[in-house]
Amino acid sequence: MFFSGDPTTRKRVDLGGRSSKERDRQKLLEQTRLERNRRLYLRRQNHAAIKIQVGFIEFEFEFEFNIHCYIAALHVYVMLFAFAQGAMIVLVGKKAMEIEHSKVREQFFATYGRHIQNVNRQCFGPQSAFFRQLFFFFNARNVSDISVLVETCRLMKHFVQESGDVVGLFAGIDYSSKRALVDFRVKKFAFACIQAVHQNRKELKDQLFVTPEESNTPPTLLLEAVVLLIDSRLPWTCKVVSYLLERNVFTLLRELIVTGKESMEIHSSYGRISSLERVLTLIIPHIGQKPCICPNIDPRWSFFSQILTIPFLWHLFPYIKEVFATGRTSQHYIHQMALCVQNHANVLPHEVSMELPGYACLLGNILETAGVALSQPDCSFEMGVDLAAITTFLLKALPPIKSSRESSMVSDDDMTAGDEVMELVINRDLEKQITSAIDSRFLLQLTNVLFSGIHLLRGPHDEGPGDKEVAAVGAACAFLHVAFNTLPLEHIMTVLAYRTELVQLLWHYMKRCHEIRKWPFLPYLSGDAPGWLLPLAVFCPVYKHMLTIVDNEEFYEQEKPLSLKDIRHLIVILREALWHLLWLNPTSHPNVGKSVSSPPANKMLPAEAIQHRVSTVASEVLSQATIDGTRANEILKQAPFLVPFTSRAKIFQLASVRQRHGSHGVFTRSRFRIRRDHILEDAYSQMSTMSEEDLRGAIRVTFVNELGVEEAGIDGGGIFKDFMENITRAAFDVQYGLFKETSDHLLYPNPGSGMIHEQHLQFFHFLGILLAKAMFEGILVDIPFATFFLSKLKRKYELHTIALAYCNEHYEADISELELYFVILNNEYGEQTEEELLPGGKNIRVTNENVITFIHLVSNHRLNFQIRQQSSHFLRGFQQLIQKDWINMFNEHELQLLISGSLDSLDFDDLRQNTNYVGGYHSEHYVIEMFWEVLKSFSLENQKKFLKAAGSASEEALDRLPTSATCMNLLKLPPYRSKEQMSTKLLYAINAEAGFDLS
């Protein structure tokens with residue numbers, strides 16, 4: 001201890017005069033007394049709380065106290081219990097409560113009997129203690145309590161059947177003076193019945209869907225009691241239902257349905273309604289609209305989140321389906337759901353299973369009733385907008401659903417490296433429920449509800465679309481855009497194109513917005529998306545679908561679906577839209593409120609400056625177009641028609657040159673030795689062993705004639721061209737059996753090729769390489785392909801070449817009279833087979849209603865399914881040299897031009913400008929002038945023969961005829977003195993067929 005500075009030690013003195021030992025003893029006694037008093041206080045407090053609970057129940061029933069007094073007493077009860085601190089006190093209180101319950105239960109049994117055999121009609125009245133005692137001790141897990149409640153329900157049913165008066169049974173002759181007491185009893189009674197079934201649902205699962213006509217099982221009696229108590233004609237109905245809703249009754253009923261559904265079997269009670277369905281039917285119309293006074297509840301515990309998410313609800317409860325779909329009920333719940341969607345609130349319960357997600361079940365159940373709801377006379381515009389918003393939101397969450405026809409178009413053979421297949425996890429029956437509901441009737445009704453009252457005619461001072469039209473366009477387009485990406489398109493497109501005015505309505509909207517240069521904001525898009533984006537996303541696929549099936553008379557004479565003037569306007573809108581999306585703003589979109597604008601008239605640029613800018617941009621496009629990731633390359637991928645065909649053809653050539661120079665094959669040359677009378681076999685054996693790198697390199701050919709002697713000439717490119725022309729002519733000849741031709745003499749793979757060539761698929765792979773090599777080298781070959789086969793080079797599966805499409809538009813009689821069925825006959829080389837287009841198709845008759853599906857299936861079978869293996873192997877060989885992206889720059893007609901060149905005319909002016917002269921000739925020499933005049937005078941057929949002879953064909957060296965050094969694309973022209981002589985000699989030379997050994 002440190003020194004404190006005080007040298008003295010002071011003695012402590014107790015002024016009380018007691019020693020320290022006595023002082024400690026007194027302190028201990030005082031602490032003991034206080035602890036004893038505290039325990040006594042807590043015991044009295046706990047006992048007082050129990051007495052309050054029992055007492056206020058007795059007070060309530062015996063003295064008919066005012067409801068406000070009950071609430072005040074409840075507050076006192078809660079406050080007293082709040083004083084209890086610590087787990088031990090709570091435990092003691094709970095045990096004491098159980099003891100008190102047991103006492104009252106025994107008193108109840110002593111008075112009314114264990115099977116309530118002593119209960120009469122008066123026991124239900126307001127003066128009786130029957131319900132006071134029952135509700136005090138009732139436990140939904142106690143077997144004897146459940147038995148008492150069931151017997152009470154049985155007695156109530158009996159008494160009501162006798163008198164027909166439910167109100168009198170509970171209230172006596174004066175309900176108004178006993179209202180608070182009677183309402184409280186009825187609420188407790190109804191909830192106790194539902195709670196009893198819910199708590200024992202697993203034990204009662206086989207009886208939950210039983211109808212009252214079939215059995216008087218405990219669940220039936222309990223639920224039928226609820227039906228009696230919440231009858232809409234009773235004065236307390238809304239109060240009772242409100243009480244149930246506040247206690248999450250839909251959650252309890254959901255668990256009953258899910259439990260009972262697992263063991264439910266479809267029984268023979270058709271037309272009858274189960275007690276569970278009757279309870280739901282009476283509760284769901286309580287939506288807080290006059291005369292109902294029920295409050296709105298938390299969406300998480302509402303009918304739509306708890307009940308409508310049950311899989312195939314309407315199959316379980318068909319009567320509820322009628323109640324929900326008609327009247328104001330569906331409008332109320334759909335509006336509730338729409339509010340949740342707008343607020344991004346997740347209110348759905350846990351999934352029943354992985355393949356039956358709640359959002360998909362909700363979508364299926366809504367759509368199944370939507371047709372009826374939309375057809376109601378009082379169906380409002382707001383209902384249509386809400387329904388579209390909900391279905392859009394839920395459809396977005398679904399994985400894409402393919403129809404059987406779409407799935408059959410792409411087989412395993414069609415898959416190439418890098419392709420990914422999304423495995424659907426949605427239950428097949430659920431998929432069917434969703435796709436079947438979005439039928440022609442639903443689409444027609446939805447568009448009618450949304451666009452009713454919106455007219456196509458404009459006034460003299462049109463200021464653009466109004467708020468209602470904007471809302472209708474936004475709702476319809478958002479729904480359809482998601483539907484296009486999720487659901488099978490075959491029936492959706494047909495209905496939209498031919499049974500609604502959607503195309504005309506959307507065009508009317510877009511045209512006006514474009515003319516006034518103002519695109520309204522659509523709430524279904526993100527804030528920076530342009531207003532034209534969503535309408536175009538829906539309009540374009542539907543309009544394209546119409547164009548694939550409209551005939552010339554409808555398009556030109558009737559001007560359907562749009563007038564030619566409107567089509568020109570549409571092209572302007574599409575070009576502007578694509579230019580903004582792909583060039584001006586490829587990563588983010590301009591503000592929605594801004595219009596697609598053009599430069600102001602007073603700031604026009606001089607013509608020279610515009611031309612310079614165009615040429616600069618064109619040069620940039622051509623140089624960037626072959627480089628992945630550039631904007632020009634993106635334009636070519638996504639909107640190639642913005643670039644002229646000639647420019648795209650040059651880009652294709654540049655890409656081929658880049659690949660050739662990027663390959664080591666440019667430094668090596670593969671040499672082929674080809675026998676003319678075995679050209680196909682020799683080419684197949686030598687080309688099939690080459691790698692992709694070697695295929696991109698140069699190939700030099702030496703021909704061997706019929707005598708086994710190599711023909712003279714050095715291949716500088718011309719002999720290879722001759723080789724390519726001859727081999728393609730042989731391989732694609734229909735006599736060889738790999739290809740067939742249409743009535744227009746257009747080629748497509750022979751479905752029966754395997755019956756002729758054992759290795760036919762390897763040959764198709766080889767022919768794909770051969771065609772790709774010709775295009776890669778810029779060699780034109782005379783092979784006219786069918787359009788549907790060219791589509792497969794682009795990996796498209798079109799059905800547009802069937803002339804019968806939509807024959808029901810022109811065939812006015814009953815198609816079923818034609819005795820057609822969903823089967824197809826194949827006849828290949830005398831072998832006839834029959835195939836079903838659908839499972840059981842031989843028993844499905846073609847009618848006016850299903851003829852479109854029949855045509856699609858026939859088209860798919862003929863154009864895709866029959867030749868899928870041949871096309872797949874041809875495509876694989878083709879893509880060894882030419883990437884899919886480069887082919888996608890061209891449509892089918894343009895692809896044919898790349899393969900065969902133009903069939904209309906030849907540009908000899910261009911040829912003249914690109915010709916070099918040697919041997920004393922020059923561009924103004926009289927022989928040369930005469931030569932070009934003679935060529936122009938030839939027929940188109942002879943002009944083609946000349947080009948063939950000069951570039952890659954036979955040559956004559958006799959009698960001073962014009963000769964061609966085909967190995968160098970060189971024409972050796974003698975100095976003729978007259979046009980007549982030159983014409984005669986040229987015609988003789990180009991029509992001669994001779995080998996290179998006469999060079």
Side-chain angles (χ1 to χ4, degrees), residues 409-421 625-628 633 636-638 640 648-649 651-666 670 683-684 686-697 699 724 727-728 731-732 738-739 747-749 753 759-781 783 785-798 863-864 867-892 894-900:
M409 287 184 182
V410 183
S411 63
D412 293 337
D413 294 330
D414 297 319
M415 304 305 294
T416 58
D419 286 339
E420 296 181 0
V421 180
T626 58
I627 304 173
D628 287 339
N633 185 262
L636 285 175
K637 288 180 180 179
Q638 300 184 44
R648 282 178 282 136
I651 292 169
F652 179 81
Q653 292 173 358
L654 284 174
S656 300
V657 171
R658 278 176 180 265
Q659 286 193 340
R660 283 199 297 270
H661 284 262
S663 167
H664 67 76
V666 73
S670 301
Y684 173 75
Q686 296 178 63
M687 191 173 283
S688 296
T689 60
M690 298 175 68
S691 66
E692 290 187 18
E693 288 291 318
D694 291 337
L695 285 171
R696 292 190 180 95
I699 296 177
M724 291 296 291
I727 191 174
T728 52
F732 290 95
L738 292 177
F739 277 79
L747 298 175
Y748 66 94
S753 58
Q759 295 183 318
H760 68 124
L761 296 180
Q762 290 86 341
F763 273 114
F764 276 105
H765 185 273
F766 165 67
L767 293 183
I769 295 175
L770 201 62
L771 180 64
K773 181 64 175 175
M775 296 177 67
F776 191 80
E777 298 291 346
I779 299 173
L780 299 179
V781 290
I783 310 174
F785 287 112
T787 304
F788 70 85
F789 178 66
L790 289 173
S791 295
K792 299 184 188 308
L793 298 183
K794 297 164 63 65
R795 301 200 68 187
K796 289 166 56 181
Y797 299 89
E798 302 278 348
L863 306 183
N864 298 313
I867 59 173
R868 67 190 186 285
Q869 288 187 315
Q870 294 91 330
S871 301
S872 175
H873 282 76
F874 188 95
L875 179 62
R876 289 179 184 176
F878 186 82
Q879 290 184 340
Q880 281 189 246
L881 279 176
I882 297 180
Q883 302 174 26
K884 179 176 178 288
D885 288 343
W886 298 119
I887 288 300
N888 284 345
M889 290 194 301
F890 307 98
N891 61 32
E892 289 79 0
E894 292 168 340
L895 275 179
Q896 189 63 60
L897 289 179
L898 285 180
I899 294 170
S900 302

State, yes or no, whether a side-chain contact exists between [X] and [Y] at a heavy-atom distance under 4.5 Å.
{"X": "Leu793", "Y": "Ile882", "result": "no"}
{"X": "Gln896", "Y": "Leu790", "result": "yes"}
{"X": "Glu894", "Y": "Met889", "result": "no"}
{"X": "Met724", "Y": "Leu770", "result": "yes"}
{"X": "Met775", "Y": "Ile887", "result": "yes"}
{"X": "Leu895", "Y": "Phe785", "result": "no"}

Just by modelled atom types, is the Leu695 backbone N or O under 3.5 Å from a matching donor or acceptor in the Lys773 side chain?
yes
Quick check against the 3.5 Å criterion: does Ser900 have a side-chain atom that pairs as donor or acceptor with the backbone of Leu897?
no
What is the minimum heavy-atom distance between [X] and [Y], and which atoms define it?
{"X": "Met690", "Y": "Gln686", "result": "CG-O, 3.6 Å"}
{"X": "Leu898", "Y": "Ala649", "result": "CD2-CB, 4.2 Å"}
{"X": "Gly697", "Y": "Glu777", "result": "O-OE2, 4.0 Å"}
{"X": "Leu881", "Y": "Ile769", "result": "CD1-O, 4.0 Å"}
{"X": "Ser753", "Y": "Gln870", "result": "OG-NE2, 3.2 Å"}

Distance from [X] atom [atom1] to [Y] atom [atom2], nearest 0.5 Å?
{"X": "Ile899", "Y": "Ile779", "atom1": "CD1", "atom2": "CD1", "answer": "13.5 Å"}
{"X": "Phe874", "Y": "Phe763", "atom1": "CZ", "atom2": "CZ", "answer": "14.0 Å"}
{"X": "Gln883", "Y": "Phe652", "atom1": "CD", "atom2": "CZ", "answer": "10.0 Å"}
{"X": "Leu767", "Y": "Met687", "atom1": "CG", "atom2": "CE", "answer": "10.5 Å"}

My understanding is that only residues two or more places apart in sequence, or in another chain, count here; which of them pass side chain to side chain donor-acceptor pair (under 3.5 Å) with Thr728?
none
In chain order, what residues pass the side chain to side chain donor-acceptor pair (under 3.5 Å) check against Gln880, with sequence neighbours excluded?
His765
List the residues meeting ring pair (Phe, Tyr, Trp, His ring centres under 6.0 Å) with Phe766, not counting sequence neighbours, and say none if there are none.
Tyr684
Residue list, ring pair (Phe, Tyr, Trp, His ring centres under 6.0 Å) with Phe739, at least two apart or on another chain:
Phe732, Phe764, Phe789
Under the side chain to side chain contact (heavy atoms under 4.5 Å, CB included) criterion, do His873 and His760 qualify, and how do the steps go?
CA-CA 10 Å; His873 282 76; His760 68 124; over 6 Å; no
Does one side chain, of Asn864 or Lys792, offer a donor that lies under 3.5 Å from an acceptor on the other?
yes
Applying side chain to side chain contact (heavy atoms under 4.5 Å, CB included), can you list everything that pairs with Ala786, at least two apart in sequence or on another chain?
Thr742, Leu746, Tyr748, Phe788
